[in-house]
Amino acid sequence: MVTIQVPAWPRWLFRAAITCETVLAFAQAALAGGFLAGHYDFLTLHNENGTLTGIAGLLSIGCAVMLWRPGRGPAWPIFASCAVFVAEAGQIFLGYARILAVHVPLGVAIVVVIVGLLVWAWREPRQVVA
């Protein structure tokens, strides 16, 4: 059996990107909660953090591509990251349109998917044997 050496840096790059996106997504929920608790300045912070979360989503897509090639990882994180970014773009639109009946549950779904990606990213990769 031949063991294929997989470079570690793409996995660490993806881990860093998805960790940042997760922190920003949790901050979104906290900022929304602060706004609902009567701290009205938190809405501006929620807005700005939403933009940062979208930028982190784009970075996660790029890092997922690097994880796939040259990192020899699976391709599905690219599609999951793209889906999260599209959902985040929809979130921004829904937030500005004040369509909270969709905005809130979609935000929860985004956090769930991002946490799933985070858990997967931080698990030890399987040894590839050819």
Side-chain angles (χ1 to χ4, degrees):
M1 285 189 184
V2 176
T3 302
I4 299 171
Q5 292 296 326
V6 178
W9 67 267
R11 179 164 284 278
W12 282 102
L13 197 62
F14 183 73
R15 284 175 174 171
I18 201 66
T19 300
C20 288
E21 190 173 7
T22 304
V23 168
L24 290 168
F26 274 103
Q28 277 298 87
L31 291 169
F35 171 70
L36 293 173
H39 305 284
Y40 299 113
D41 292 341
F42 280 28
L43 184 60
T44 302
L45 295 172
H46 181 74
N47 177 4
E48 293 169 357
N49 191 63
T51 302
L52 292 176
T53 305
I55 292 169
L58 283 174
L59 290 173
S60 292
I61 293 169
C63 293
V65 170
M66 298 300 278
L67 178 65
W68 176 57
R69 298 288 180 261
R72 297 184 181 141
W76 70 263
I78 299 169
F79 302 111
S81 297
C82 286
V84 167
F85 176 72
V86 168
E88 288 169 344
Q91 270 295 81
I92 292 169
F93 170 78
L94 292 167
Y96 280 117
R98 306 283 193 255
I99 304 172
L100 300 181
V102 181
H103 182 76
V104 173
L106 181 58
V108 172
I110 289 170
V111 169
V112 167
V113 173
I114 291 173
V115 168
L117 281 167
L118 178 77
V119 168
W120 175 83
W122 283 97
R123 285 190 175 168
E124 284 300 313
R126 293 184 182 153
Q127 197 74 2
V128 177
V129 180

**Q** For residues 28-40, please give each side-chain donor-acceptor pair under 3.5 Å, one per line with the distance, not counting sequence neighbours.
**A**
residue: Gln28; atom: OE1; partner: Asn49; partner atom: ND2; Å: 2.9
residue: Gln28; atom: OE1; partner: Gly50; partner atom: N; Å: 3.3
residue: Gln28; atom: NE2; partner: His46; partner atom: O; Å: 3.2
residue: Gln28; atom: NE2; partner: His46; partner atom: ND1; Å: 3.4

**Q** Can you list every side-chain hydrogen bond (donor to acceptor under 3.5 Å, both in side chains) pair that touches residues 103-115, not counting sequence neighbours?
**A** Gln91-His103
**Q** Sequence neighbours excluded and cut-off under 3.5 Å, please list the side-chain donor-acceptor pairs for residues 104-118, or say none.
**A**
none

**Q** Linking Ile, Leu, Val, Met, Phe, Trp and Tyr by side-chain heavy atoms under 4.5 Å, what else ends up with Val23?
**A** none
**Q** Does Glu88 have any side-chain hydrogen bond (donor to acceptor under 3.5 Å, both in side chains) partners at least two apart in sequence or in another chain, and if so, which?
**A**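 None.
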**Q** For Trp9, which fellow cluster members are found when Ile, Leu, Val, Met, Phe, Trp and Tyr are connected by side-chain heavy-atom distances below 4.5 angstrom, either directly or through intermediates?
**A** Leu13, Met66
**Q** side-chain hydrogen bond (donor to acceptor under 3.5 Å, both in side chains): which pairs involve residues 107-122, sequence neighbours left out?
**A** Thr19-Trp122
**Q** Under 3.5 Å, is there a donor-acceptor pair between the side chain of Arg11 and the main chain of Ala121?
**A**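 Present.
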**Q** How many angstroms lie between CG in Leu59 and CZ in Phe14, if you round to the nearest 0.5 Å?
**A**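 Those atoms lie 12.0 Å apart.
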**Q** Could you identify which residues cluster with Ile92, counting Ile, Leu, Val, Met, Phe, Trp and Tyr as linked when any side-chain heavy atoms lie under 4.5 Å apart, either directly or through a chain of such contacts?
**A**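 So far as hydrophobic clustering goes, Ile92 is joined with Tyr96.
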**Q** Indicate the atoms forming the closest heavy-atom contact of Ala17 with Cys63, along with that distance.
**A** CB-SG, 3.7 Å
**Q** Can you list the residues that meet the side-chain contact (heavy atoms from CB on, under 4.5 Å) rule with Thr44, with sequence neighbours excluded?
**A**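 Glu48.
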**Q** Throw together a table of side-chain donor-acceptor distances under 3.5 angstrom for residues 75-87, partners on residues two or more places apart or in other chains.
**A**
residue: Ser81; atom: OG; partner: Pro77; partner atom: O; Å: 2.8

**Q** Would you say Trp12 and Ile18 are hydrophobically clustered, going by side-chain heavy atoms of ILVMFWY under 4.5 Å?
**A** yes
